[in-house]
Protein chains: 2
Amino acid sequence: MEPIKPTESELQILQVLWSLGQASVRQVNDELSKVRDIGYTTTLKLLQIMFEKKIVSRIEEGRYHLYEAAITEEATQQFLVDKFVDTAFRGSAMKLVMQTLGNHQASKEELDEIKKLIAQIEQNA
Amino acid sequence: MEPIKPTESELQILQVLWSLGQASVRQVNDELSKVRDIGYTTTLKLLQIMFEKKIVSRIEEGRYHLYEAAITEEATQQFLVDKFVDTAFRGSAMKLVMQTLGNHQASKEELDEIKKLIAQIEQNA
DNA sequence: ATTTATTTACGAAAATGTTCGTAGATAAAT
DNA sequence: ATTTATCTACGAACATTTTCGTAAATAAAT
């Protein structure tokens with residue numbers, strides 16, 4: 001696995017692809033348009049660039065293309081968190097955890113899940 | 001507080017300033033040079049730009065300038081986490097927490113601190 | 001006193017990312 | 001059949017960020 005560094009726009013598109021699974025340029029553009037102003041050919045160009053970079057794959061379905069994310073959401077998040085911890089938290093992942101926990105609403109269920117995860121980590125320690 | 005959006009390079013410089021407190025261009029450049037290749041005038045220019053944007057303040061000390069971060073590390077992290085959760089975790093802060101907890105080494109002390117924080121959140125719920 | 005080093009300011013090149021217009025091909029609509 | 005719509009490819013304009021060279025001022029060294 002090479003370290004892929006998607007740009008801001010590319011990430012937005014990946015999000016759409018991760019949620020749609022497989023999609024035409026039109027579909028991606030429609031989704032993206034809900035979030036921000038973007039022209040059809042801009043979306044197309046972005047997908048073409050991402051295809052060259054192999055961040056997405058595509059299959060020709062008749063005259064048009066169906067695109068699909070070529071990297072998983074988890075792997076990408078992992079990579080981004082690592083980088084983020086470095087650049088914004090001077091390397092301290094736990095500071096990031098604390099900061100996020102403290103400043104964002106968490107449901108009871110989520111807190112329970114986190115507690116469970118912590119218990120698990122403690123067991124394996 | 002306006003939403004400040006430091007660039008990658010600006011963040012690196014902020015980190016140096018947060019750790020040094022107050023520093024000359026020379027000092028900042030020396031620190032930054034440990035991390036990556038960068039010319040003196042590049043560092044200078046970056047600091048000048050950041051000064052215009054008011055992300056850093058400076059005082060004239062004789063012939064040279066002493067720079068200081070004008071925004072706190074915490075506020076910046078807060079802002080960056082919010083943005084990061086949106087762009088990389090489709091809005092789910094807790095997914096970010098779980099992902100980070102699961103993939104980074106945490107000491108017993110850190111885990112205890114996190115548990116304490118969770119207990120506190122549950123109390124105030 | 002003259003040279004050398006260090007500092008700030010500034011402009012502009014280089015690098016990177018984003019946006020879109022235009023052209024050509026094919027399908028759909030009239 | 002002709003027009004209209006939709007698709008891909010591609011180049012180039014635009015925007016943003018990064019980098020550094022050069023000049024002017026001042027201090028330090030010789």
Side-chain angles (χ1 to χ4, degrees), chain A residues 2-17 20 22-68 76 79-80 83 87-88, chain B residues 2-17 20 22-68 76 80 83-84 87-88:
Chain A
E2 325 89 90
I4 304 130
K5 203 204 158 250
T7 67
E8 202 70 16
S9 298
E10 288 172 348
L11 247 181
Q12 288 185 318
I13 287 193
L14 280 173
Q15 290 204 0
V16 172
L17 289 178
L20 292 187
Q22 198 177 57
S24 64
V25 180
R26 178 64 55 190
Q27 285 175 293
V28 173
N29 185 247
D30 285 351
E31 281 304 308
L32 214 49
S33 296
K34 293 178 187 167
V35 180
R36 67 175 177 108
D37 256 16
I38 190 166
Y40 178 85
T41 52
T42 303
T43 303
L44 171 65
K45 180 69 165 187
L46 284 172
L47 281 165
Q48 285 171 344
I49 291 171
M50 291 168 82
F51 177 68
E52 273 172 38
K53 292 191 195 171
K54 312 219 197 225
I55 319 184
V56 301
S57 64
R58 76 181 179 195
I59 55 171
E60 310 208 0
E61 186 71 35
R63 166 165 76 110
Y64 56 91
H65 294 156
L66 285 183
Y67 285 88
E68 195 168 12
T76 307
F79 172 76
L80 291 174
K83 208 171 62 82
T87 57
Chain B
E2 324 89 87
I4 304 129
K5 202 202 159 252
T7 67
E8 203 69 15
S9 298
E10 288 172 349
L11 246 181
Q12 287 185 318
I13 287 193
L14 280 172
Q15 289 204 1
V16 172
L17 289 178
L20 292 187
Q22 198 175 57
S24 65
V25 179
R26 178 66 54 190
Q27 285 175 294
V28 173
N29 185 247
D30 285 351
E31 281 303 309
L32 215 48
S33 296
K34 294 177 186 169
V35 179
R36 65 174 177 109
D37 257 16
I38 189 166
Y40 178 84
T41 50
T42 303
T43 304
L44 170 65
K45 180 68 167 189
L46 284 171
L47 281 165
Q48 285 171 343
I49 291 171
M50 291 167 81
F51 177 68
E52 272 172 39
K53 292 192 194 170
K54 312 218 196 224
I55 340 187
V56 301
S57 63
R58 76 182 179 195
I59 55 171
E60 311 208 0
E61 187 71 33
R63 167 164 75 109
Y64 55 93
H65 293 156
L66 285 184
Y67 286 87
E68 195 169 13
T76 307
L80 290 175
K83 208 169 65 79
F84 186 59
T87 57

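Note that the structure is a prediction, hence the values are computed from the model and not measured.
- Under 4.0 angstrom from either OP1 or OP2 of C:dT18 there lies at least one side-chain N or O belonging to A:T7.
- Atom CD1 of residue B:I59 and atom CD of residue B:E68 lie 7.5 Å apart, to the nearest 0.5 angstrom.
- Across all strands, A:E10 comes closer than 4.0 Å to no nucleic acid atom at all (heavy-atom distances).
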Using a 4.0 Å cut-off on protein heavy atoms (strictly under), produce a 5'-to-3' string for nucleotides 20-30 of chain D with B for base contact, S for backbone-only sugar-phosphate contact, and - for none. BBB--BBS---
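- Between A:Y64 atom OH and A:R26 atom CZ the span is 12.0 Å, to the nearest 0.5 Å.
- Partners of B:E10 by side chain to side chain donor-acceptor pair (under 3.5 Å), not counting sequence neighbours, listed by chain and number: B:K53.
- With rounding to whole Å, B:I13 atom CD1 is found 12 Å from D:dT19 atom C1'.
- Of all the residues in residues 27-35 of chain B, not one reaches under 4.0 Å from DNA chain C with any non-hydrogen atom.
- The OG atom of A:S24 sits 7.5 Å away from atom CG of A:D30, with the distance rounded to the nearest 0.5 Å.
- Remark: A:E52 engages no residue in a side chain to side chain contact (heavy atoms under 4.5 Å, CB included) (not counting sequence neighbours).
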Show which side-chain atoms of residues 32-42 of chain A pair as donor or acceptor with protein atoms under 3.5 Å away, not counting sequence neighbours.
{"residue": "A:S33", "atom": "OG", "partner": "A:N29", "partner atom": "O", "Å": "2.6"}
{"residue": "A:K34", "atom": "NZ", "partner": "A:E31", "partner atom": "OE2", "Å": "2.9"}
{"residue": "A:R36", "atom": "NE", "partner": "A:Q12", "partner atom": "OE1", "Å": "2.7"}
{"residue": "A:R36", "atom": "NH2", "partner": "A:Q12", "partner atom": "OE1", "Å": "3.4"}

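- With rounding to whole Å, A:E60 atom CD is found 7 Å from D:dA9 atom P.
- Note that the NZ atom of A:K5 and the CZ atom of A:F79 stand 7.5 Å from one another [nearest 0.5 Å].
- Taking side-chain N and O atoms only, A:R36 has no distance below 4.0 Å to OP1 or OP2 of C:dT18.
- Pairs passing the salt bridge (Lys or Arg N to Asp or Glu O under 4.0 Å) check and including a residue from residues 54-64 of chain B, sequence neighbours excluded, do not occur.
- Legend: residues meeting side chain to side chain donor-acceptor pair (under 3.5 Å) with B:T76, ordered by chain and number and at least two apart, are absent.
- Atom CD of A:E8 is separated from atom P of C:dT19 by 11 Å (rounded to the nearest Å).
- Atoms NZ (A:K5) and P (C:dA15) sit 17 Å apart, rounded to a whole Å.
- Rounded to whole Å, atom P of D:dT18 lies 8 Å from atom CD1 of B:I49.
- Spacing between atom CD of B:Q48 and atom P of C:dT7 amounts to 13 Å, rounded to whole angstrom units.
- We find that CG of A:L47 is positioned 13 Å from P of C:dT18, with the value rounded to whole Å.
- Atom CG of A:L44 and atom C1' of D:dT6 are 11 Å apart (whole Å).
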